[in-house]
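Have a look at the structure below before the remarks.
Below, all heavy atoms of this structure are taken into account, side chains as well, without hydrogens, waters or symmetry copies. Start at 1 and go down the list; that is how both ligands and their atoms are numbered.
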Amino acid sequence: MARCAGTKRNGERCTMEVSGKQTLCWAHDPAYEEQRKRRASKGGKAKASRVAKELHRLLEDLTQKVIDGELETSRGAVANQLIGTRIRLLEYERRAKELEDIEERITALEQRSDFAQRSRRI
Ligand SMILES: [Zn+2]
């Protein structure tokens, strides 16, 4: 089998095998760029759930410490406010990312429809 003609980020030749008429693997073929981006945004979701787990643990820990009297209620309250701020920030990031994805998809659709209209006129 032939090797991909792409170059890795470190400058080395890509080691992925390609078949048939392909000269580039999935990671390097520009035709799959949209799919790659979509998959990357799923990676973003995985990160979000990791952060959510982390926040769960932090909240449980703080709650237990306040209950046990290890942490002053005033400090617990401030920590709770800060966690709330972090959650709002995460929510903002998620919405901004979603909007960006939607904008990209609309642009792609507009370009496709422009192209279709032009080819109909000919
Ligand atoms: Zn490659």
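- For the pair T23 and V18, the minimum side-chain heavy-atom distance is 4.5 Å or more.
- With sequence neighbours left out, the salt bridge (charged side-chain N to carboxylate O under 4.0 Å, His left out) criterion links R95 to E91.
- Considering only heavy atoms from C-beta on, R86 comes within 4.5 Å of L55 through its side chain.
- With waters left out, the protein N, O or S atoms under 2.8 Å from the Zn ion (ligand 1) add up to 4.
- Scanning for salt bridge (charged side-chain N to carboxylate O under 4.0 Å, His left out) contacts around E93 gives an empty result, with sequence neighbours left out.
- Contact check on R105 versus D101 returns no salt bridge, with no Lys/Arg side-chain nitrogen under 4.0 Å from an Asp/Glu carboxylate oxygen.
- The salt bridge (charged side-chain N to carboxylate O under 4.0 Å, His left out) test applied to R75 returns E72, not counting sequence neighbours.
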